[in-house]
Visitor: 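Have a look at the structure that comes next, please.
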Amino acid sequence: MAPHPYLDGESKTSDLDEQALFFHRYPKPGKLAIHATKPLGNQRDLALAYSPGVAAPCLEIAREPGLAADYTSRANLVAVISNGTAVLGLGNIGPLASKPVMEGKAVLFKKFADIDVFDIEVDAYEIDHFCQVVAALEPTFGGINLEDVKSPECFEIEARLRRDMAIPVFHDDQHGTAIIAAAAVRNGLRLAGKSLEEAKIIASGAGAAALACLNLLVSLGAKLENILVTDKDGLVYKGRTVAMDRWKDVYARDTELRTLEEACEGADIFLGLSAGGVLKPEYLEKMADKPLILALANPVPEIMPDLARKVRPDAMICTGRSDFPNQVNNVLCFPYIFRGALDCGATGITEGMKQAATDAIAELAREEVSEVAAKAYGSETPVFGPDYLIPSPFDPRLILKIAPAVAKAAEKDGVANRPITDMDAYVEKLNRFVFRSGMIMKPIFQIARNAGKRVIFSDGEDERVLRAAQVLMEEKVCVPILIGRPNVLASRLERYGLKIRPGTDFEVINPEDDPRYRDYVDHYFQKVGRKGVSPDTARTVMRTNTTVIGAVAVARGEADSLICGLEGRFPRHVRDISQVIGMRRGVKKLAAMSLLIMQDMTKFFVDTYVQRDPSAEELAEMTRLAAAELRRFGIDPKAALVSHSNFGSDDTSDTIKLRKALEMIHAEMPNLEIDGEMHGDSALSEAIRKRTMPDSTLAGEANLLIFPTLDAANITLNVVKSLTDALHVGPILLGAASPAHVLTPSVTSRGVVNMAAIATAQAIGLEG
């Protein structure tokens with residue numbers, strides 16, 4: 001439930017809309033594609049995939065329908081289905097216009113839980129027609145996610161489909177919101193010292209989500225007589241005839257109260273799923289001690305948190321917005337509920353499964369946050385309390401807690417066709433997915449956001465940097481400082497339609513006229529005066545070499561990190577950084593690490609850009625630096641020294657070097673999981689590795705690949721990037737005294753943003 005972009009003003013909205021349209025259109029329209037999971041490289045593959053080989057699994061499934069889970073993708077395939085009658089904050093825009101939203105939901109399923117999705121937009125508005133269309137799809141899917149279907153039809157539709165289909169049917173707009181809200185209620189009441197059975201609840205809004213929240217709370221112990229519901233027509237009471245239906249009628253009370261203000265008297269919980277601003281400060285004053293406020297309307301909550309706290313400092317507040325604590329975001333649960341339900345072959349989503357998900361989310365917020373999980377939250381580790389009632393949507397533990405809890409509940413409720421027999425192995429499988437999901441940059445952005453770190457960009461006039469600067473400012477990832485001529489910056493910003501302005505929204509260093517010029521020259525000459533640089537040369541460099549200008553700014557403490565390299569040769573930029581910023585204490589040489597984010601995995605490669613033919617000692621040093629960087633991403637490094645030789649199968653200068661490096665690494669870092677030298681496929685497959693080295697000191701799949709030479713590393717990086725259409729993040733320069741990174745000329749504005757976030761996170765890490 002992120003805030004709608006129109007909230008923050010017309011100029012920002014037009015920028016965001018323009019970027020969103022470009023994002024959806026290029027380089028290929030839409031956000032989804034279908035990829036084959038089996039090789040189709042020869043005639044035999046084709047024969048196995050289609051005719052005549054396909055007959056064998058068809059006959060097996062005809063004999064035993066449950067085998068479809070073994071021979072097809074059905075058990076990992078969900079349909080996201082909508083008729084477009086209640087889309088986001090856009091209303092009834094119809095099925096075709098809803099398709100971008102449904103594709104977006106599909107992407108979330110894949111990224112957060114590795115679930116494949118077909119988005120299906122149906123031109124069916126009557127309940128009978130809609131249910132007939134969806135029910136007929138059962139043979140194709142393992143589950144149905146109903147999305148953006150208007151109330152009250154959505155209640156009847158879901159009820160019928162749950163009755164008629166033997167697979168999970170889940171209306172996320174109802175139950176996803178309900179599960180997260182209920183988890184917040186669990187923890188809010190715990191902090192307030194109150195019980196759900198005795199809590200007085202007032203609901204503003206009586207649509208699908210609000211009623212689902214109340215239904216779940218009742219199943220968890222809330223009493224009907226303690227619940228009052230209001231909507232745009234006032235209180236829902238016995239005898240009311242305006243805008244009533246059988247689902248709302250459950251909450252009709254025999255009372256003389258008629259307004260939200262009256263209903264707030266003595267209430268412990270306010271549940272808002274209605275409209276912005278309806279909870280007035282004077283209403284809030286009437287609530288009980290330590291009230292829990294769930295103001296979930298978007299983009300404007302029923303009451304803004306700062307106003308609520310001013311009136312009631314003792315209040316605990318949740319919203320649907322990402323810019324306040326306690327965000328009720330459906331992505332906290334729906335991917336993981338389906339993950340657990342699909343993996344145990346559930347025939348439906350029971351009340352027990354929803355309760356299990358609720359409890360898992362609530363318990364997770366109360367757990368001590370591990371070092372890895374803390375990366376998802378930024379620079380401050382969260383502690384259970386009023387501002388941390390529910391976890392962050394990017395907490396990597398969510399899938400590990402919710403999916404097993406849902407699967408266990410499904411088995412307990414008798415709806416699991418394939419109960420999970422080895423839960424420890426199942427959790428380990430989920431754990432492996434967490435670090436292959438492509439969400440690897442999320443913790444870095446969380447660390448960087450709102451820290452106020454200053455990142456200086458040497459190529460400030462470049463379009464990619466200008467576009468990145470606007471994103472970085474809007475997202476509060478860092479404070480950009482751009483090196484460039486003010487008149488050029490202003491004209492290019494206008495040409496590209498960007499709203500930020502030099503000297504107002506970001507600092508500018510003008511290489512042609514800056515009052516610090518003489519100080520910068522003196523600083524630079526002190527660094528390089530005995531390295532063949534004369535005072536005259538230093539003055540010229542400080543007018544023309546923007547990498548040196550940026551490096552001096554960092555060395556003088558006027559910036560926290562440097563991004564450069566969009567023009568010019570990579571080695572020259574590295575030389576300037578090493579001369580001006582220098583190396584971290586104990587580090588002898590800089591090295592570069594590259595991250596490739598692929599569809600189903602992430603891998604780190606070292607050294608891809610700096611050291612042409614590193615010695616064994618240098619390989620050991622770069623491995624130590626790279627392993628520390630992986631931990632910044634919240635990843636435990638599993639390193640492999642890769643070679644044409646496999647555990648001593650050949651003796652060359654490179655293989656001997658790798659073996660010496662391994663000895664040094666074991667001596668310096670006995671706790672680092674590493675082995676080598678080994679083939680590339682051995683590094684990526686434990687099964688292959690065990691055939692040649694059963695007692696390998698590396699378990700599972702390597703995520704950090706160390707190469708004997710720059711040629712080997714760089715060639716592998718670019719071949720893999722091209723073959724897999726991977727996103728390259730980097731190169732990440734390792735070993736500098738302050739964060740400094742040299743990008744490549746092919747980098748995109750997205751790549752600039754990623755590297756600025758990494759540089760900011762590194763700067764924060766150096767403070768510790």
Side-chain angles (χ1 to χ4, degrees), residues 454-466 468-469 480-484 509 511 520-521 523-525 527-528 531-533 537-538 540-556 558-584 587-595 605-612 614 618 622 625-626 629 710 713-714 717-718 728-749 751-760 762-763:
R454 301 156 299 170
V455 178
I456 190 165
F457 295 87
S458 290
D459 304 286
E461 296 176 0
D462 190 284
E463 177 183 358
R464 292 163 292 180
V465 171
L466 293 170
I481 303 172
L482 272 55
I483 300 176
I509 292 182
Y520 274 41
V521 170
H523 187 101
Y524 178 59
F525 185 71
K527 294 281 187 179
V528 298
K531 296 179 181 178
V533 177
T537 302
T540 301
V541 167
M542 203 50 63
R543 289 286 191 202
T544 59
N545 189 324
T546 55
T547 295
V548 171
I549 296 172
V552 170
V554 171
R556 284 166 52 89
E558 294 169 1
D560 299 297
S561 53
L562 166 68
I563 302 292
C564 64
L566 273 68
E567 294 181 4
R569 295 178 63 247
F570 196 95
R572 177 177 67 81
H573 296 291
V574 172
R575 179 204 65 197
D576 292 337
I577 290 169
S578 63
Q579 288 182 344
V580 178
I581 294 177
M583 260 73 77
R584 203 176 305 164
V587 175
K588 296 179 180 177
K589 277 193 175 181
L590 299 177
M593 178 172 71
S594 290
L595 163 63
F605 299 76
V606 178
D607 172 4
T608 48
Y609 281 92
V610 179
Q611 298 189 37
R612 295 179 180 275
E618 289 161 351
M622 68 175 65
L625 293 170
E629 197 64 34
L710 185 148
N714 191 272
L717 169 73
N718 285 293
H728 178 210
V729 179
I732 302 168
L733 200 62
L734 304 173
S738 296
H741 300 289
V742 183
L743 306 185
T744 59
S746 61
V747 73
T748 64
S749 61
V752 176
V753 169
N754 282 334
M755 288 309 301
I758 288 174
T760 301
Q762 289 175 328

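Positions are given from 1 along the sequence.
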Visitor: Over all heavy atoms of both residues, which pair between Ala559 and Ile481 is shortest? Give the atoms and the distance, please.
Guide: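 Shortest heavy-atom separation between Ala559 and Ile481 comes out as CB-CD1, 4.1 Å.
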Visitor: Give me the atom names and distance for the closest heavy-atom approach of Val528 to Gln579.
Guide: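 Scanning both residues, the minimum pair turns out to be CG1-OE1, 3.5 Å.
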Visitor: Using a 3.5 Å distance criterion without hydrogens, assess whether the side chain of Ser458 forms a donor-acceptor pair with backbone atoms of Thr546.
Guide: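 At least one qualifying donor-acceptor pair exists.
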Visitor: Between Thr544 (side chain) and Thr540 (backbone), is there a donor-acceptor pair under 3.5 Å?
Guide: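 Answer holds: yes.
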Visitor: Can you tell me how far apart CD1 (Ile483) and CG (Asp462) are? Round to the nearest 0.5 Å.
Guide: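 That separation rounds to 13.0 Å.
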Visitor: Is there a side-chain contact between Glu629 and Ile758 (heavy atoms, below 4.5 Å)?
Guide: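 Yes, at least one pair of side-chain atoms sits under 4.5 Å.
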Visitor: For Asn714 and Thr608, indicate whether the former's side chain and the latter's backbone hold a donor-acceptor pair under 3.5 Å.
Guide: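 Side chain of Asn714 to backbone of Thr608, a donor-acceptor pair under 3.5 Å: yes, one is there.
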Visitor: So, for Gly565 and Val742, which heavy atoms are closest and what is the spacing to 0.1 Å?
Guide: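 Looks like CA-CG1, 3.9 Å.
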Visitor: Any chance CZ of Arg612 has more than 12 other-residue heavy atoms, nucleotides or ligands included, within less than 6.0 Å?
Guide: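 Count not over threshold, so no.
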Visitor: For Arg556, is the CZ atom crowded, meaning more than 12 foreign heavy atoms sit under 6.0 Å from it?
Guide: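 For Arg556, atom CZ is crowded (more than 12 foreign heavy atoms under 6.0 Å).
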Visitor: Find the distance between CD1 (Ile549) and CD1 (Ile456) and round it off to the nearest 0.5 Å.
Guide: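 Atom-to-atom, Ile549:CD1 and Ile456:CD1 are 8.0 Å apart.
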Visitor: Less than 4.5 Å apart, side chain to side chain, heavy atoms only: is that true for Gln611 and Leu710?
Guide: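 With C-beta onward as the side chain, the pair stays apart.
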Visitor: With a 4.5 Å heavy-atom cut-off, do Leu482 and Leu466 have their side chains touching?
Guide: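 They are in contact (side-chain heavy atoms under 4.5 Å apart), so the answer is yes.
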Visitor: About how many Å separate NE2 of His728 and CZ of Phe605, when rounded to the nearest 0.5 Å?
Guide: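 Atom-to-atom, Phe605:CZ and His728:NE2 are 9.0 Å apart.
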Visitor: Specify the closest pair of heavy atoms between Val533 and Tyr524, including all atoms of both residues, with the distance to one decimal.
Guide: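 Of all heavy-atom pairs spanning Val533 and Tyr524, the closest is CG1-CE2, 4.2 Å.
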Visitor: Evaluate the side-chain proximity of Val554 to Val580: yes if any heavy-atom separation is below 4.5 Å, no if none is.
Guide: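 No, their side chains stay 4.5 Å or more apart.
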Visitor: Specify the closest pair of heavy atoms between Val587 and Lys589, including all atoms of both residues, with the distance to one decimal.
Guide: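 Looking at all heavy atoms of both residues, the shortest contact is CG1-O, 3.4 Å.
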Visitor: Decide yes or no for Val455 and Ser561: does some side-chain heavy atom of the first lie under 4.5 Å from some side-chain heavy atom of the second?
Guide: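 Yes; the side chains approach each other to less than 4.5 Å.
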Visitor: Any donor-acceptor pair under 3.5 Å linking the side chain of Arg464 with the backbone of Val747?
Guide: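 Checked: pair present.
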Visitor: Does Tyr609 reach the side chain of Leu717, with side-chain heavy atoms less than 4.5 Å apart?
Guide: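 A side-chain contact under 4.5 Å exists here.
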Visitor: What's the spacing between Arg572 CZ and Asn545 CG if we round to 0.5 Å?
Guide: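 So the CZ of Arg572 and the CG of Asn545 are separated by 5.0 Å.
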Visitor: Side-chain contact, heavy-atom cut-off 4.5 Å: Met622 with Pro614?
Guide: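 Yes, their side chains come closer than 4.5 Å.
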Visitor: Can a donor-acceptor pair be found, under 3.5 Å and without considering hydrogens, that links the side chain of Asp576 to the backbone of Thr547?
Guide: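 No, the answer is negative, given that no donor and acceptor are paired below the 3.5 Å cut-off.
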Visitor: Is the side chain of Asp459 donor-acceptor paired with the backbone N or O of Cys564 at a distance under 3.5 Å, no angle test?
Guide: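 It does not hold such a pair.
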Visitor: With a cut-off of 6.0 Å (strictly less than), are more than 12 heavy atoms of other residues, nucleotides or ligands near NZ of Lys588?
Guide: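 No, the 6.0 Å shell around NZ holds no more than 12 heavy atoms from other groups.
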Visitor: Keeping the roles fixed (side chain from His741, backbone from Ile563), state whether a donor-acceptor pair exists under 3.5 Å.
Guide: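 No; zero donor-acceptor contacts below 3.5 Å.
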Visitor: Check Leu590 against Gly735 and note the closest heavy-atom contact, atom names and distance.
Guide: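 Smallest heavy-atom distance, with atoms named: CD2-C, 3.5 Å.
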Visitor: What's the verdict on side chain to side chain contact (heavy atoms under 4.5 Å, CB included) for Ile732 and Met755, showing C-alpha distance, side-chain angles and the deciding distance?
Guide: CA-CA 8 Å; Ile732 302 168; Met755 288 309 301; 4.0 Å; yes
Visitor: Is any side-chain heavy atom of Ile509 closer than 4.5 Å to one of Tyr520?
Guide: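 Counting from C-beta outward, Tyr520 and Ile509 do come under 4.5 Å.
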Visitor: Pair Leu625, Arg584 - check side chain to side chain contact (heavy atoms under 4.5 Å, CB included), show working.
Guide: CA-CA 10 Å; Leu625 293 170; Arg584 203 176 305 164; 4.0 Å; yes
